[in-house]
Amino acid sequence: MKACPSLDARARVLALAVVALAAALPAGAVVDRDCALPEADCTLAETAARAGVFAGAAVDPPERSPYTAFAVPEHFNSVTAENAMKWGVLAQRVGSYDFSEADALVDFAEENGARIRGHTLVWGRGPLPSDLGVLVDAAADPAARLRQILTDHIARVVGHYAGRVESWDVVNEPLDVFTDRFDQNLFLRTLGPDYIAESFRAAHAADPAARLFLNEFFPDFGGAKAARFVALVRELLAAGVPLHGVGIQTHAFLRPPPYPAFPGFLAELAALGVDVELTELDVLIVWFQAADDPEAAQADAFAGLTGACLALPACTGITTWGVTDADTWLDTTAPFAIVAPNRPLLFDESLAPKPAYFAVREVFASRAVPFSVQAARLLADFDAAVEAGSLGSARFPAPAGLQGLRAVLAEGEQLLAKARYGAACRVLGTAGRLLDGEARPPDLVSGPARPELARSLAELRRQLDCDG
Ligand code: G3I
């Protein structure tokens, strides 16, 4: 998974500022220099970056919504296009694309170091070009015509953003809203269920590096629809379809959280080997109206849902569907508009973070591992590998031949504990070259444990933004 270098850099600047402040504090004052805990005043984005996952929000381009620039980069390190990339928004008629708004959002996200989730290439119930149905109906071979239009669309859009949009919701809501049937949309009626696999293949061809997701809403997580979704993912993977992740929408509007089946459902999907993200999280306040403190109860619900995902190594992040209670889709969409304000998000109407913001941040913090702890783990793994004989030196007898490398790693850990990130990067760079086999002599470090240690070290350097 890609990190967010500029946010890592920001976290580092913040940490350095805290260290500078510490020098002025009386001896004994406790300062968290690694910026990994909520008490350290890290934002949600900084905490997520430290945890190596994404905290995202669905937003419209900054020219359309003032909440976008408020949210990113300070609070979120990922953005989803709430509307700008939908087929019928990009192209009011088949083939007549206007990328200007979506481009503005992508430019904005890049300028602010945020990861971009593309949403969505194929959505049978969503906005489509107004002439799509007519063109297909009028064709001599409707299936061939629709297949051509569909694959042209995917090639055009994914190609337009190749290398910039990190992940795509390739197909959104392939299943019926409440049942385990396929959604009976134009694509299914004309092409059959194969339109799903074909869409993924077309997206992969247009950008082989993009992470490709199947995104879905669930009325509950233990019912027939959830089971059908797991089966569908399994079938697609078995057929060799380039499917890399599942987006679990998590609009909590049908029944109040917690959902007992939720953790098991996510774990079942993760066990299939795909990334798991909560892609459209919002929790209506109405569920907690009777609670002593409705916002605190809402915060618990957010923490429970977020925690169920982040407990899994396969979980790559969460995204709230909107930024503030002032701009939620629920307040303008029937039937939820009747009970507006639904107040389902992390910020209130005056842009103040709600208890839910802090609760979600705490969940991210519990997954975050301070840099110095990561370095200490690396050193322990190194020692264990030498002890087990799985790391050695072709030139010198272990462990003597590895003492220099061990000393370098230990120095890196010490520097990170002191928040001396620049110096740590330099030292860890030397260690990295030794482990990568790039140093002279090239066979100085060998053994089956070497590649894994090299990977861990590279990941630590990536999080530190050493090459940025
Ligand atoms: O674009 C016009 C705009 O020009 C006009 O001024 C305005 C006046 O009403 O309408 C605008 O279009 C609306 C658009 O949102 C932008 O606000 C559409 O009528 C409205 O239907 C559209 O709703 C979006 C909906 O998807 C349908 O595309 C919601 O904002 C968006 O939050 C919602 O998101 C979906 C996900 O994509 C998939 N999962 C469910 C989720 C919630 O329904």
statement: Those residues at least two apart in sequence (or on a different chain) that pass side chain to side chain contact (heavy atoms under 4.5 Å, CB included) with S456 are L378, E452

- prompt: Cationic tip of R426 within the cone over Y421's six-membered ring, i.e. under 6.0 Å and within 45° of the normal?
  reply: no

Salt bridge (charged side-chain N to carboxylate O under 4.0 Å, His left out) contacts in which one or both residues fall within residues 369-384, not counting sequence neighbours: D383-R406

message: Filter on salt bridge (charged side-chain N to carboxylate O under 4.0 Å, His left out), then keep only pairs touching residues 168-181, sequence neighbours left out; what's left?
response: R117-D169, R125-E173

- line: So the salt bridge (charged side-chain N to carboxylate O under 4.0 Å, His left out) pairs with at least one residue in residues 288-306 (sequence neighbours excluded) are E295-R343

query: Is the shortest heavy-atom distance from the side chain of F262 to the side chain of I248 under 4.5 Å?
result: yes

query: For residues W123 and N215, is any side-chain donor paired with an opposing acceptor at under 3.5 Å?
result: no

query: With H153, which of F187, W87, Y195 fulfils ring-ring contact (aromatic ring centres under 6.0 Å, His included)?
result: W87

message: Side chains of Y161 and D103 only: does a donor on one sit below 3.5 Å from an acceptor on the other?
response: yes

message: Between N172 and Q249, is there a side-chain donor-acceptor contact under 3.5 Å, judged purely by atom types and distance?
response: yes

query: Is there side-chain contact between Y357 and F302, with heavy atoms separated by less than 4.5 Å?
result: no

field: Contact list for residues 226-266, test disulfide (SG to SG under 2.5 Å), sequence neighbours left out
entry: none

- prompt: Considering all heavy atoms of both residues, which atom of L44 and which atom of R361 are nearest to each other, and what is their separation?
  reply: CD1-CA, 3.7 Å

Kindly list each side-chain donor-acceptor pair under 3.5 angstrom involving residues 207-214, sequence neighbours excluded, with atom names and distances?
| unit_1 | atom_1 | unit_2 | atom_2 | d |
| --- | --- | --- | --- | --- |
| D207 | OD1 | A209 | N | 3.1 |
| D207 | OD2 | G163 | N | 3.0 |
| R211 | NE | D275 | OD2 | 3.4 |
| R211 | NH2 | D275 | OD2 | 2.9 |

- request: Could you tell me which non-hydrogen atom of F364 sits nearest to which non-hydrogen atom of A51, and how far apart they are?
  value: O-CB, 3.7 Å

Proximity of W321 and H119 rings by center, below 6.0 Å: yes

